[in-house]
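Step one of this worksheet: look at the structure below.
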Amino acid sequence: MDLILDNLTDPQRAAVTHMDGPMLMLAGPGSGKTRVVTHRIAHLLREGVPASQILALTFTNKAAEEMLARVQQLAPGEPVWMSTFHRFCARMLRQYSSLVGLQENYSIYDMADAKATMKRAIEVSGISLSHTSLDQIANAISHFKNQLLTPESMEGVNLPAGKMLAAKVYPYYQQLLLVANAVDFDCMLLHVARMLRENPELREALDSRFRYIMVDEYQDTNLAQYAIVRSLSVVHQNLAVTGDPDQSIYGWRGANLNNILDFENDYPQVKTVRLEQNYRSTPNILRVADQLITNNTRRKHKGLYTHNPEGAAVRLRIYANGYQEADDIADQIVEQIQNHGRSPKDFAILCRMNYLTRSLEHSLRSRVVPYTIVRGVEFYQRKEIKDLLSYLQLINNPANDAALSRIVNTPARGIGKTTMDRVMLFAARHRIPLFEAICRCDEIESIKPRTRGLLKRFVGIIDSLSRKASSSLEDLLRFVLEQTQYSDYLRFSTVEGEDNDALANVDELVSAAVEFDRQHPDDGSLETFLEQVALISDTDAWEESSDRVTLMTLHAAKGLEFPCVYIIGVEDQVLPHHRSHDDPMQFEEERRLLFVGITRAEQTLQLSMAKLRSARGSMRPAAASPFLLELPREEMQVIDAHQPTQYGDDNDFDVDVEYPEAWDMHADHDDDLNQLPPEERTPETTSTPRTAPIASVTTAAQMLEQQMANTIDPDIYTVGMIVSHPEYGSGRIQSLSGSGGKRTATVNFFVDSIERRFRLSHAQLTIESED
DNA sequence: TCTATCACATTTTTT
DNA sequence: ATGTGATAGA
């Protein structure tokens with residue numbers, strides 16, 4: 001039995017055993033890509049390639065950790081260098097910092113730090129934000145860096161008007177970063193790429209040090225990453241990249257789809273392997289995904305197939321409004337958990353935009369279904385955490401202006417905006433860090449003597465903290481808390497019993513420090529801790545283990561899989577997003593986004609849209625996403641849950657909203673019902689026109705209950721009746737209670753004389769005799 | 001210098 | 001609906 005080579009398909013084995021020369025692995029969703037990559041590394045090691053010569057680059061920490069663990073399992077021994085691009089660059093910069101004008105204790109700015117710095121740069125450059133925004137400028141600068149454009153190389157380059165201002169800010173921003181001995185995320189890549197380009201002997205050394213390079217999710221690489229990878233594989237072209245053009249959803253962040261589309265041109269001797277067999281989804285789901293993505297032009301053809309058994313038809317539900325959508329999905333989940341042995345963790349609800357999870361949250365909470373939201377901002381973005389980390393950063397790198405600005409007056413020390421403006425002016429004039437400017441505050445004439453005293457006291461605090469810099473992280477952090485009286489500050493700024501969260505978060509950070517000390521008994525430096533923290537993301541915190549329904553954006557769902565998936569808000573202007581409508585490239589990316597969502601599903605999938613969607617506080621009509629037209633309707637189950645709503649029985653919107661004719665939204669759905677599984681195909685539903693107004697109905701939830709109740713007429717049951725249950729056998733109905741969807745029967749079973757209660761709308765009770 | 005109030009915008013966000 | 005950022009007043 002060969003752990004590494006057995007149980008692989010032919011294409012998989014071909015990829016695993018490929019050793020020298022470039023390789024492109026086109027891996028469809030659920031095709032066992034991670035398995036192939038890890039097995040290939042194990043194979044390389046077994047064939048005698050030293051672990052130190054292998055470098056595997058991923059985009060997420062999670063992917064890197066997972067691969068590392070799996071390789072360790074297959075081939076225990078010296079670990080292979082597996083990390084994210086950014087972590088790799090962080091290490092390189094640490095080692096070769098002087099080549100790009102940094103010191104080795106440089107800081108890594110997160111988005112917030114970077115934006116704050118840009119804001120300063122904008123002020124310094126004297127540009128008005130009236131025709132643009134900070135976000136736009138930040139985006140543009142990020143793009144410059146991803147395109148390997150330095151401020152110098154951009155001089156004289158013609159730019160669209162939208163980017164002109166950003167280009168003006170760019171050099172000022174870079175200057176501030178340099179003075180602060182700091183980099184932002186994009187800089188890390190840019191610096192390393194430049195370093196490799198400008199230092200041929202270093203490039204060569206690293207090229208032969210990392211003889212075997214693997215890149216995961218290659219479709220998401222930007223130009224900077226591309227340049228780094230190419231530089232490291234000029235002499236030793238043992239570059240294996242894996243990816244799927246159809247799953248490229250980060251174009252807006254600078255990812256260049258051409259990197260993977262042109263890989264075969266870049267490396268003519270490339271060996272291309274296609275992994276087309278899917279192990280994840282039912283054929284039904286896969287066909288829907290495949291048919292959708294066929295509409296894209298910028299792709300490499302893959303013929304996806306699976307040997308998995310046929311499953312339930314993919315559902316498309318059209319709801320009257322977003323609340324009904326949320327309630328119905330929550331009801332479905334409850335039903336599946338109660339009666340079909342599902343757990344909350346089997347479900348994922350995906351959406352284009354974060355705010356769409358709100359109504360779902362509400363519906364789940366009211367039904368006491370546990371859920372988590374995977375959001376962009378979490379623990380390390382919390383104010384108290386950022387504050388404390390800023391103290392640590394300042395100790396590690398006193399030039400870190402972003403950290404200083406954050407905590408110079410937190411807790412309050414009487415150093416306000418006016419003072420800091422003067423300090424900043426002085427710092428900018430002398431091109432020195434803020435901390436140095438504060439140390440030299442005697443030279444700043446505009447600052448009053450009293451304030452100088454306050455500034456000096458601040459310097460004293462930082463100095464005393466710095467003297468502790470080499471103690472354990474836990475001690476250091478506790479010392480910071482003590483010296484700055486930060487805990488008191490939190491307690492005082494607390495409104496009324498509300499904010500004990502903040503103190504708990506502080507405790508959690510201390511725990512993280514303790515844990516770090518434990519894991520790094522010898523090499524634990526402040527620098528390492530800060531680097532680790534800076535490059536952590538919040539999606540990493542998502543615990544797979546907890547038994548909860550997962551709510552997240554389609555972007556966050558990449559790489560994950562769930563038995564049951566709901567994709568909500570499949571509406572025009574939402575998916576595709578209205579800002580991606582015009583540009584065909586972006587439009588295709590939106591289609592890929594839906595493709596990614598669909599292919600997360602293992603067993604069941606429901607796409608849904610609402611005819612009315614509340615956005616920005618008000619109800620607006622929504623039209624079907626154009627992508628819905630591209631799906632194979634004939635094999636899907638289309639359910640138009642059109643019902644009158646609390647928003648008016650004579651719903652004006654109904655007439656106004658335009659639906660593609662092919663969808664036949666309001667027609668009778670006998671066809672569709674015939675595709676339902678038998679238990680859902682009761683005479684009641686077919687004979688009751690679904691558009692009939694139900695006068696007494698007030699909320700969407702009640703409507704749904706009614707609807708459900710109608711599927712099985714509860715009134716056919718009477719007390720004393722003998723019924724049969726699939727699990728417990730025969731029994732007698734003792735009593736009946738409730739009404740509508742809550743109509744409940746208490747049954748005493750003959751087999752054990754135990755009474756059990758069932759909701760008639762859900763339970764599978766069959767009548768054996770009337771008496 | 002701090003605090004309260006108001007206007008404003010609001011896609012997605014691996015690092 | 002909700003949060004953030006700027007501004008004005010204490």
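Order of the sequence lines sets the chain letters (A, B, ...), proteins ahead of strands, with each chain counted from 1. All values below were derived from every heavy atom in this structure, side-chain atoms included, with hydrogens, water molecules and symmetry-related copies excluded.
If you check dT12(B), dT14(B), dT2(C) against the side chain of M353(A), the one that comes closest is dT12(B). Distances from the side chain of D220(A) to the nucleotides dT1(B), dT12(B), dT14(B) place dT14(B) closest. With distances taken from any side-chain atom of N409(A) to the nucleotides dC2(B), dT2(C), dT14(B), the minimum falls on dC2(B). Checked against dT1(B), dT13(B), dT11(B), the side chain of S580(A) finds its nearest nucleotide in dT11(B). Closest contact between the side chain of A556(A) and the listed nucleotides dT13(B), dT2(C), dT12(B) involves dT13(B). You'll find that the side chain of T60(A) is closest to dT14(B), out of dT14(B), dT12(B), dT1(B).
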Would you tabulate the nitrogen or oxygen pairs shorter than 3.5 Å linking the protein to nucleotides 3-10 of chain B?
none

Under 3.5 Å, N/O pairs linking protein and nucleotides 3-10 of chain C:
| unit_1 | atom_1 | unit_2 | atom_2 | d |
| --- | --- | --- | --- | --- |
| dA6(C) | OP1 | K119(A) | NZ | 3.1 |
| dA6(C) | OP2 | K119(A) | NZ | 3.4 |

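Taking the six-membered ring where the residue is Trp, the centroids of F185(A) and F85(A) are separated by 6.0 Å or more.
Partners of E561(A) by salt bridge (charged side-chain N to carboxylate O under 4.0 Å, His left out), not counting sequence neighbours, listed by chain and number: R280(A). For Y173(A), the ring-ring contact (aromatic ring centres under 6.0 Å, His included) test picks out no residue, with sequence neighbours left out. Contacts of E66(A) classified as salt bridge (charged side-chain N to carboxylate O under 4.0 Å, His left out), with partners at least two apart in sequence or in another chain: R70(A). Taking F144(A) as the reference, Y170(A) meet the ring-ring contact (aromatic ring centres under 6.0 Å, His included) condition, with sequence neighbours excluded. Legend: residues meeting ring-ring contact (aromatic ring centres under 6.0 Å, His included) with Y486(A), ordered by chain and number and at least two apart, are Y489(A). In this view, H362(A) satisfies the ring-ring contact (aromatic ring centres under 6.0 Å, His included) rule with no residue, not counting sequence neighbours. With sequence neighbours excluded, no residue satisfies salt bridge (charged side-chain N to carboxylate O under 4.0 Å, His left out) with D583(A).
No side-chain donor-acceptor contact under 3.5 Å links E571(A) and S625(A).
For dT12(B), the OP1/OP2 oxygens have a side-chain nitrogen or oxygen of N354(A) closer than 4.0 Å. Residue N139(A) has no polar side-chain atom (N or O) positioned under 4.0 Å from OP1 or OP2 of dT13(B). Proximity of S614(A) to the phosphate of dA1(C): no side-chain N or O atom is located under 4.0 Å from OP1 or OP2.
By the 5.5 Å and 30° criteria, W252(A) is not stacked with the base of dT11(B). In this structure, the aromatic ring of H577(A) is positioned over the six-membered ring of the base of dT11(B), centres within 5.5 Å and planes within 30°.
In this structure, the CD1 atom of I249(A) is 18 Å from the P atom of dT11(B), given to the nearest Å. When the P atom of dT11(B) is taken as reference, atom CD of Q586(A) falls 13 Å away, rounded to whole Å.
Closest-nucleotide positions on DNA chain B for T553(A) and I415(A) were compared, and the one nearer the 5' end corresponds to I415(A). Each of F185(A) and G416(A) was matched to the nucleotide of DNA chain B holding its nearest heavy atom; the match closer to the 5' end belongs to G416(A).
In this structure, R579(A) forms no cation-pi arrangement with W252(A), as its terminal cationic atom is not both closer than 6.0 Å to the ring centre and no more than 45° off the ring axis.
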